[in-house]
Trainee: 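Okay, here's the structure, questions in a sec.
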Amino acid sequence: MGLHLRDGALHVEGVALEDLATRFGTPTYVYSKAALEQAYGAFASAFSAAPGSLACYAVKANSTLAVLGVLARAGAGFDIVSGGELQRVLKAGGNPARVVFSGVSKSREDISAALDAGILCFNIESAAELERIAAIAASRAQVAPVSLRVNPDVDAMSHPYISTGLRENKFGVDMQTARALYQRAASLPSLRVCGIDCHIGSQITSLSPFVDALDRVLALVDALSAEGIVLEHIDVGGGLGVSYNGESPPSVQDYASAILAGVGARPLRILTEPGRAIVAAAGLLLTRVEYLKRNGERSFAIVDAGMNDLLRPALYGAWMGIEAVRPRAGTPQDWDIVGPVCESADFLGKQRALALEAGDLLAVRDAGAYAFSMSSNYNSRCRAAEVMVDGDTAFLVRERERFEDLVRGERLLPAGA
Ligand SMILES: *Cc1c(COP(=O)(O)O)cnc(C)c1O
């Protein structure tokens with residue numbers, strides 16, 4: 001993300017993190033506009049050999065308007081999972097004709113809003129949802145573009161919480177059911193069958209699960225074609241991993257080559273739904289050490305960012321790189337970097353060798369994905385500010401929350417109740 005040391009301190013592009021902490025306080029998320037553009041560009045160009053291919057950025061990874069706006073300007077499509085995400089994409093200037101709508105529980109309101117907007121495709125996840133979308137489209141005298149999210153039953157070899165392509169997951173429909181559902185969809189005049197979709201999980205660090213899934217999905221595409229159901233696109237989902245701690249996921253180029261080779265000469269438009277691979281490395285969380293303390297054998301650095309700001313370590317045991325913004329010369333010592341929240345799971349990293357003093361600034365790396373978008377107000381903590389760096393300029397793209405934001409919409413009972 002253009003994160004580098006200059007004059008002994010970390011900078012993002014041309015801006016010193018120390019200056020950002022002074023201007024905007026901490027904890028603050030910091031994004032690099034150039035890194036976002038570069039990551040999206042890499043996806044778009046890796047698939048450019050396939051006519052009409054489109055990378056639909058998975059909004060849930062980071063749904064901040066400014067992030068969506070940068071990607072919209074770069075020509076991105078978007079993968080949404082709620083009506084709220086659709087509204088964010090539209091507000092950020094995204095093109096609804098490049099939006100695919102995933103998720104197991106699309107509400108009636110969400111379906112109507114997506115039909116109003118004119119999205120590219122609904123990724124249907126169950127028979128009941130198919131009937132609901134067909135009925136809503138029929139009642140509005142519209143035709144809904146649909147694909148089925150199939151579950152190819154491959155193990156993404158990722159964390160169980162982020163594996164989605166096994167038969168026991170709640171996502172998608174199994175291959176047998178899919179065949180019958182395609183026939184049903186094709187028989188309904190309010191649906192236009194346009195594609196097929198799968199998404200097998202997240203933080204996948206080898207090509208084989210993608211290739212296995214693709215082969216199974218393509219077998220279904222071919223079988224459907226033989227039955228007269230000819231699809232326009234195949235959406236291979238997201239899931240390409242990033243390197244948090246020395247993992248070596250496939251490059252975007254290698255990933256694209258494998259997909260393109262698998263699809264071969266079939267006249268299918270290729271869609272992808274990358275989330276993490278676009279935004280993870282483009283962001284960091286800037287936090288300040290409040291206190292140092294020792295309990296028994298452990299040394300703790302208590303920082304002003306907690307699990308409410310960055311849930312990944314607590315939720316998945318995820319390892320995130322943590323660096324001193326101005327590295328000290330002293331001998332490093334092992335610290336547990338913990339937050340202010342009243343939960344033992346509230347840590348950002350354990351046993352990290354750093355030379356630290358109270359007041360120091362730390363940068364949690366690769367925090368552009370599943371970080372701010374998963375943040376909460378637990379412990380009545382105001383959510384962090386967000387800043388986008390563009391060259392030598394930093395833009396505040398989300399104000400730090402204040403107490404009024406925490407209680408907005410709440411009411412005390414009337415006196416005497
Ligand atoms: C979360 C999700 C993605 C993005 O996954 P990444 O691992 O961030 O690339 C794509 N498609 C669907 C349906 C998802 O739920």
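Ligands are counted one by one from 1 in listed order, and the atoms in each one are counted from 1 as well.
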Trainee: Need the list: ligand 1 N/O atoms against protein N/O atoms, distance under 3.5 Å, rounded to one decimal.
Mentor:
residue  : atom   : partner : partner atom : Å
ligand 1 : 5 (O)  : Tyr370  : OH           : 3.4
ligand 1 : 7 (O)  : Ser202  : OG           : 2.3
ligand 1 : 7 (O)  : Gly239  : N            : 3.4
ligand 1 : 8 (O)  : Arg276  : N            : 2.7
ligand 1 : 8 (O)  : Tyr370  : OH           : 2.6
ligand 1 : 9 (O)  : Gly239  : N            : 2.8
ligand 1 : 9 (O)  : Gly275  : N            : 2.9
ligand 1 : 11 (N) : Asp79   : OD2          : 3.1
ligand 1 : 11 (N) : His199  : ND1          : 3.4
ligand 1 : 11 (N) : Glu273  : OE1          : 2.6
ligand 1 : 15 (O) : Lys60   : NZ           : 2.7

Trainee: So do Met388 and Val67 actually touch side chain to side chain, heavy atoms under 4.5 Å?
Mentor: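 Touching, per the 4.5 Å side-chain cut-off.
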Trainee: Using the six-membered ring wherever Trp is involved, compare the ring planes of His11 and His4 and label them parallel, tilted or perpendicular (cut-offs 30° and 60°).
Mentor: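 Correct class here is parallel.
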Trainee: Verify whether the ring centers belonging to Phe210 and Tyr255 lie closer than 6.0 Å.
Mentor: yes
Trainee: Start with the C-alpha gap between Thr28 and Glu386, add the side-chain angles, then the distance that decides, and say whether side chain to side chain donor-acceptor pair (under 3.5 Å) holds.
Mentor: CA-CA 6 Å; Thr28 292; Glu386 291 180 288; over 6 Å; no
Trainee: Taking atom types as modelled and ignoring hydrogens, do the side chains of Asn123 and Ser147 form a donor-acceptor contact shorter than 3.5 angstrom?
Mentor: yes
Trainee: If you measure only the distance, is there a donor-acceptor pair under 3.5 Å linking the side chains of Asp304 and Thr26?
Mentor: yes
